[in-house]
Structure formats: structure tokens, C-alpha cells
Amino acid sequence: DGGITQSPKYLFRKEGQNVTLSCEQNLNHDAMYWYRQDPGQGLRLIYYSQIVNDFQKGDIAEGYSVSREKKESFPLTVTSAQKNPTAFYLCASKGAWDSGANVLTFGAGSRLTVL
Amino acid sequence: AQSVTQPDIHITVSEGASLELRCNYSYGATPYLFWYVQSPGQGLQLLLKYFSGDTLVQGIKGFEAEFKRSQSSFNLRKPSVHWSDAAEYFCAVGASRNTGTASKLTFGTGTRLQVTL
């Protein structure tokens, strides 16, 4: 079945360490997104990519970095510069409008805890 | 800038009772509107969407929503709630179709639904 796979599901990190969250999709979607979710704040957009080798900052990009070397993959690195990284991270993808898939499909999420 | 307001943080209903979750949006053009549901520790699942046409849209799990342009609202309804409907519900607004894959969604802060037996 097609879908989005995020790994790891749970991740613990010490302060000062960088961590990378994986996001892989086999939906053949062009666009991919990273959202951060905190209790009572909904989802906030970190980065998004419309095409391979191109990505744009979202609303809260500071302290994060991404790459898009393959259509299927959009990893997110949480750097030591991110002041409050403990959160639930959601990856999503979306197809082109005329593909009938112009809605966000989400992965199951990764929960990052900084110790 | 687009925005979404979900005024109810937490709602409790009895199983079998009707449900209405409120959503108000702010957007300068014709919006795309969505409702997603999230179970604890999981990703979001699409319940329904409005792009154009009939303002009453049907979704999965017996949910429906009505787009009211004059009120800038897109409230979610279900005539009879089941215990398995307990979850968090998010309303979202996005750009119109002309922006294609570049469109971004703005989410509300969510409404947590509790169902009592």
C-alpha cells in the first residue's frame, strides 16, 4: 500500500545534539512538508518542498534544516540551534492538482524528546 | 494572511448525541477547506474537504461539513457520535486550486472530543 513512513517513532536527544528524522513516501507525490505539533498550538509548518533539489522555509524554520535529493525522501534535521525541540513532528505529502491527489497525506509522526 | 479559528478547545458529548465542531477561517480568496482527525500519537487522517460546488460535503465515518461563505465558517457535524469518534479534530484552510502543489495549509489549534458512554 502507498503511504508515508516516518522514523523513528520515538527519539530521545541530549541538548546540543543534532538529530535527523526520516520521511519516505511511495505515493509519487511532488510536494512534501514538515509540520511541528505542540499541545494547544495545532500544526505549524517548518519546511516544504515542491520539487527535488528545492525547498522553502515555512513559518518556524529557525533551528531546522532539510534536503530533497530524491522525490521519495524529505529528511528533517533538528539542530542544536533549535531552542525548544521537544515536540511531535509530522511529515506530509501532496500530489498535483490534476492528479486528484491535491490533499495532504500524513505520516504517523515522530516524537522527539530532549533530555 | 490566512488563519483558522477553532473556538472550542475541548468538547464532551454522550454517545449517540449529535455533534457540531466549529471552524471559522480568514482568507482573501476562494478557500480550500479541510477537516482532519487525529488519534493520540498518530498522524492526521482526512475526514472531508471542500473545494467548490455543493456547500454541504460528506466525508468518511458519517461526518459532514457545511461551507458558509457569509459566515466564514466550515463547521463539522455528525448526527450520532460513537465512542470511537473520540479524538482531536483539526480544521484547515488552503489556497485555491491555481497554486497547485505550492499551496500550504494553515491549521486551527484543534478541538479535542471526548465521548461519554
Side-chain angles (χ1 to χ4, degrees), chain A residues 3-7 9-10 23 25 27-52 54-61 68 71 87-111, chain B residues 1-11 21-26 30-52 57 59-60 65 87-112:
Chain A
I4 299 176
T5 301
Q6 290 188 241
S7 62
K9 177 74 173 173
Y10 299 96
C23 178
Q25 56 101 357
L27 300 166
N28 199 33
H29 285 173
D30 291 316
M32 296 187 73
Y33 305 76
W34 274 105
Y35 285 89
R36 170 180 171 140
Q37 185 177 20
D38 297 282
Q41 295 194 47
L43 280 71
R44 294 180 290 168
L45 182 64
I46 304 172
Y47 267 98
Y48 65 103
S49 167
Q50 300 173 54
I51 197 170
V52 174
D54 184 59
F55 47 84
Q56 288 80 39
K57 293 181 179 179
D59 301 318
I60 56 166
R68 187 85 187 276
K71 186 176 184 178
F88 190 55
Y89 291 88
L90 287 160
C91 179
S93 69
K94 184 167 66 171
W97 165 254
D98 56 6
S99 72
N102 193 25
V103 296
L104 283 181
T105 300
F106 284 86
S110 293
R111 182 167 299 281
Chain B
Q2 60 199 52
S3 66
V4 176
T5 301
Q6 294 181 248
D8 303 307
I9 297 173
H10 188 201
I11 284 183
L21 302 183
R22 295 183 291 166
C23 172
N24 292 97
Y25 69 90
S26 173
T30 301
Y32 283 170
L33 294 160
F34 305 81
W35 275 99
Y36 283 86
V37 61
Q38 183 183 35
S39 297
Q42 298 299 315
L44 277 68
Q45 180 184 21
L46 180 69
L47 281 177
L48 48 79
K49 63 184 184 290
Y50 171 78
F51 285 174
S52 65
V57 293
I60 62 172
E88 189 151 22
Y89 292 80
F90 292 92
C91 181
V93 63
S96 67
R97 63 184 295 170
N98 291 334
T99 60
T101 58
S103 64
K104 301 176 289 179
L105 290 192
T106 297
F107 287 82
T109 52
T111 298
R112 182 166 298 280

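Proteins get letters first, then strands, A, B, ... in listed order; numbering begins at 1 in each.
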**Student:** Kindly write out the residues that satisfy side-chain hydrogen bond (donor to acceptor under 3.5 Å, both in side chains) with A:Ser49, not counting sequence neighbours, or none if the list is empty.
**Tutor:** A:Arg68
**Student:** Using non-hydrogen atoms only, which part of A:Gln37 is less than 4.5 Å away from chain B: side chain, backbone, both, or neither?
**Tutor:** side chain
**Student:** Could you pull out all residues at least two apart from B:Tyr89 that satisfy ring pair (Phe, Tyr, Trp, His ring centres under 6.0 Å)?
**Tutor:** B:Phe63
**Student:** B:Phe51 and A:Val103: which non-hydrogen atoms are nearest, and at how many Å?
**Tutor:** CZ-CG1, 4.0 Å
**Student:** Check whether B:Leu46 gets within reach of chain A through its side chain, its backbone, both or neither, counting any heavy atom under 4.5 Å.
**Tutor:** side chain
**Student:** Which heavy atom of A:Tyr35 sits nearest a heavy atom of B:Leu105, and at what distance?
**Tutor:** OH-O, 3.4 Å
**Student:** Check whether B:Gln38 gets within reach of chain A through its side chain, its backbone, both or neither, counting any heavy atom under 4.5 Å.
**Tutor:** side chain
**Student:** What distance separates A:Leu43 CG from B:Thr109 OG1, expressed to the nearest 0.5 Å?
**Tutor:** 11.0 Å
**Student:** Crowded around B:Ile9 CD1? As in, over 12 foreign heavy atoms under 6.0 Å?
**Tutor:** no
**Student:** Please confirm whether the backbone N or O of A:Leu104 pairs with a side-chain atom of B:Tyr36, one donor and one acceptor, at under 3.5 Å?
**Tutor:** yes
